[in-house]
There are 2 protein chains.
Amino acid sequence: METIQTDIVIIGAGYAGIAAAKKLLEKGKDFVVVEARDRIGGRTHTQTLDCGATIDVGAQWIGPTQHHIWKWVKETNTETYDTYDSGKNILSWKNKISTYKGTIPKIDPISLIDLGLAIDKINKLCKQIPLEAPWSHPKAKEFDSITLHSWIEKNMFTKKAKHLFNIGVETVFAAESHEISLLHALFYCHSGDNMEALISIANGAQQTLLKGGTHGMLQKVALPFQDKIYLNNPVLKITQDENIVVVETENVIVKAKKCIATLPPTLLSTIKFHPILPQRKAQLIQRVPMGAAMKCFCIYDTPFWRKLGFSGQIVSDTSPVKVTFDCTDAVTDKGVLLVFVEGNNARNFIELPEAVRKEKVLSELVKYFGNEAKNIIEYKDKCWTEEEFSRGCYAGNMPTGVLTQFGKSLREPFMHVHFAGTETAMRWNGYMDGAIESGFRAVDEVLKTLS
Amino acid sequence: METIQTDIVIIGAGYAGIAAAKKLLEKGKDFVVVEARDRIGGRTHTQTLDCGATIDVGAQWIGPTQHHIWKWVKETNTETYDTYDSGKNILSWKNKISTYKGTIPKIDPISLIDLGLAIDKINKLCKQIPLEAPWSHPKAKEFDSITLHSWIEKNMFTKKAKHLFNIGVETVFAAESHEISLLHALFYCHSGDNMEALISIANGAQQTLLKGGTHGMLQKVALPFQDKIYLNNPVLKITQDENIVVVETENVIVKAKKCIATLPPTLLSTIKFHPILPQRKAQLIQRVPMGAAMKCFCIYDTPFWRKLGFSGQIVSDTSPVKVTFDCTDAVTDKGVLLVFVEGNNARNFIELPEAVRKEKVLSELVKYFGNEAKNIIEYKDKCWTEEEFSRGCYAGNMPTGVLTQFGKSLREPFMHVHFAGTETAMRWNGYMDGAIESGFRAVDEVLKTLS
């Protein structure tokens, strides 16, 4: 067993951990990173397929107000391109197919007004939630006592609009509206500008893609300190006293002054703490379950739907193909259609054999794009609930009662251990940008205590 | 490191684990029990105080329809006694003190009707929930989409009745009504007969106490196989293949054909599984947070309140002394007043220094019982959120959306590992009786697969 002595040990080499390391390097500090997986990236993961195309089976998009990650894009000279957003979008509703342009499907005027008003209301409400302390809003307890579902039932009136709103919610949270607290939903929307930004391509969270995927950029960021990253080292134990924190993994023991833990809150429970975590933190990490997100990629020689006048975007009321995007690879120009499966649909779908999943996705796509949709050159899907070191995606969501009772414990350090990870972010919580923010913030905390 | 070969390894020596072991012994099977703590009992724990009185800082009462535990009472010749329930109960509301008899406080007629009707409604609704499959109820999804709080807001009309109802909820769930799903609440009430039974002494869950506490009986039950119980052995790892399950603790390795894991769902995340848990189970255990229950015991030479005409029961709108019981020790006759602190109140209260907690409890009691309440001979309190191997009490509660999406995974075995613990019980879920049921049921499952 190798023993390493350093000043700061970072747990996790996802965007949060790499951000923390980058900042520590810039400050000339001594650190190491221990990572459970055999790769950096955490909930981002770029894969190169047999046909040469790259896909991001984890997080992939960048929105215009995600300033941290844009800075990295520029620093690393990473090429970006806009998500394809021209042509007709498809709405499939009770087996009737129609087309529309923009973010909001063309539906009957009453439902359209209902939907528009609901999004407006959420946008206005969410602006009031203080990002650094959502629990301090005068109505925090009230908003944290009901599910987002209950809010929808009270504030929306047409079945169709409710259904479409819920599809939006599923796509944003990888969970259903009845699984999350209204307060958490409002905080999350404000954290990412507003609900409209979260569901949009243009000016929204799905606007920009990285050429070659997210991994290339992260690798460039991590290059100057790659020798300090210990892969294949899931942390088993954290022992602390007044002077030292000792992080034990399966293969190394790291002795440090400070620790930055970037795991999602729920995964902190896999680590044995000595002394044990304070009771409130221990109960918090029982209460931030991960969403369930699955990405199904259908790879074609070309994005054939474009020449048929389609954008590649589908919104449908029938699983598995409820929400799709054109994620055509800008390097090889292979046509990539991305199908999102979310929440319980994801947990159910991943339990089917892969051949059945592929068949089900394709037979749906044929309905919209004709027989050409059958001619895929590769199919690849990924459900993050299966990953031992994520156990869900995109992020940890908060059920009712959590943010008001436990929110303060999210970022509160425990002796020498400071907490980062996108779930602790104030801006773009749940996104890569939020992960970077959290890593920087944890470093600021640590440097203050060290100086 | 000692290696043990056996047929069945049981994890946990609480009521569930001891029940499983007892049944396996009766069937002539070979087994061992590994237990994290230095004692058996799990979330039950009898302590003998300096004055000689015994108190149960964990579970303590038995209700009349808890047939499993009554059978043990008889088999072990354990003496029982009725919870003291004579004299005046106290209601403290907005600093006004009044007295009443029975379970329901004497309040204005409108509030009284409101409260009575709400309890009636819950009692009727809960009867419809199938105990073996709550998710199969026709309205399961609807009931699982809202919090119990939302149901209260919709079905109750007076502030006072709502407040009293919520105190009842806190006492039953060790959580607030906005933290739990209506479906979970209904299931839980049905599981323990109905809501009235859960909040009552006479004919209810608080009817009977064990002389000398719960530990004496459990010890008698465990006596025939006490050499098979390995204390101080928190489980770190469970490895399985087709033929074998290997349970590794800090000190022993147990190789067995089958395993019965009796930990609360959330604590399963502290064990490393190889292969890893199926995705649905892995996400389930992120979603069953433990309640927060704290018991504060004030020990007096005699139960002096009785001679003043009081039952010792208080219901109040002010923390920490919101709900109290007379738990006078039947062996020493020392007067024991038990103060429950629940949910967030418990998490806040335990963070105060012990001397302050004691002072706060006593100064409240003086308001009700006069200066005699100051003359305690001992004060003892316990918050289960601080216990590494429980991390809350009484049991795991389900937020919205959990029972319908994950309920089936609660008891579903994973290869050779079967799951018990009171959270998996159909009757008296969350109680000692439910724990016993779950241990027996897991043994039935295991024996079926072994034969």
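A note on names: the letters A, B, ... follow the listed sequences, proteins ahead of strands, and every chain is numbered from 1.
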Which answer fits [X], side chain, backbone, both or neither, if we ask what part of it has an atom under 4.5 Å from a heavy atom of chain B?
| X | answer |
| --- | --- |
| Thr400(A) | both |
| Gln405(A) | both |
| Asp144(A) | backbone |
| Gln283(A) | side chain |
| Leu148(A) | neither |
| Leu277(A) | both |

Can you tell me how far apart [atom1] ([X]) and [atom2] ([Y]) are? Round to the nearest 0.5 Å.
| X | Y | atom1 | atom2 | answer |
| --- | --- | --- | --- | --- |
| Glu153(B) | Ser150(A) | CD | OG | 11.5 Å |
| Ile146(B) | Thr147(A) | CD1 | OG1 | 8.0 Å |
| Thr270(A) | Phe273(B) | OG1 | CZ | 13.0 Å |
| Arg287(B) | Arg287(A) | CZ | CZ | 14.0 Å |
| Lys281(B) | Arg347(A) | NZ | CZ | 14.5 Å |
| Glu142(B) | His178(A) | CD | NE2 | 12.0 Å |

Tell me, yes or no, whether the heavy-atom count around [X] atom [atom1], taken from other residues, nucleotides or ligands under 6.0 Å, exceeds 12.
| X | atom1 | result |
| --- | --- | --- |
| Lys272(B) | NZ | yes |
| Lys380(A) | NZ | no |
| Lys408(A) | NZ | no |

Taking [options] one by one, which has the highest count of heavy-atom pairs under 4.5 Å against chain A?
| options | result |
| --- | --- |
| Ile271(B), Ile180(B), Asn348(B) | Asn348(B) |
| Pro265(B), Ala292(B), Gly392(B) | Ala292(B) |
| Lys141(B), Glu386(B), Arg391(B), His149(B) | Arg391(B) |
| Glu388(B), Glu387(B), Met290(B) | Met290(B) |

field: Pick from Gly401(A), Pro278(A), Pro399(A), Pro289(A) with the largest number of heavy-atom pairs that fall under 4.5 Å of chain B
entry: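 Top count of heavy-atom pairs under 4.5 Å with chain B: Pro289(A).
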message: Using a 4.5 angstrom heavy-atom cutoff, name the option from Asn344(A), Thr266(A), Val402(A) with the most pairs to chain B.
response: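 The candidate making the most pairs under 4.5 Å is Asn344(A).
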message: If you compare all heavy atoms of Cys383(B) against all heavy atoms of Gln279(A), which two are closest, and at what distance to 0.1 Å?
response: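 Between these two residues, the closest heavy atoms are SG-OE1, 4.4 Å.
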task: Go through the atoms of Pro234(B) and report whether side chain, backbone, both or neither lie under 4.5 Å from a heavy atom of chain A.
output: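 Side chain of Pro234(B) only, per the 4.5 Å heavy-atom cut-off to chain A.
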message: Is Glu176(B) in contact with chain A via its backbone, its side chain, both, or neither, using a 4.5 Å heavy-atom distance?
response: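 The side chain, not the backbone.
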message: Between Ile350(A) and Arg280(B), is the side-chain contact (heavy atoms from CB on, under 4.5 Å) condition met? List the steps.
response: CA-CA 10 Å; Ile350(A) 193 63; Arg280(B) 198 181 298 267; over 6 Å; no
- prompt: Stepwise, does the side-chain contact (heavy atoms from CB on, under 4.5 Å) test hold for Gln286(B) with Val288(A)?
  reply: CA-CA 7 Å; Gln286(B) 300 173 358; Val288(A) 194; over 6 Å; no
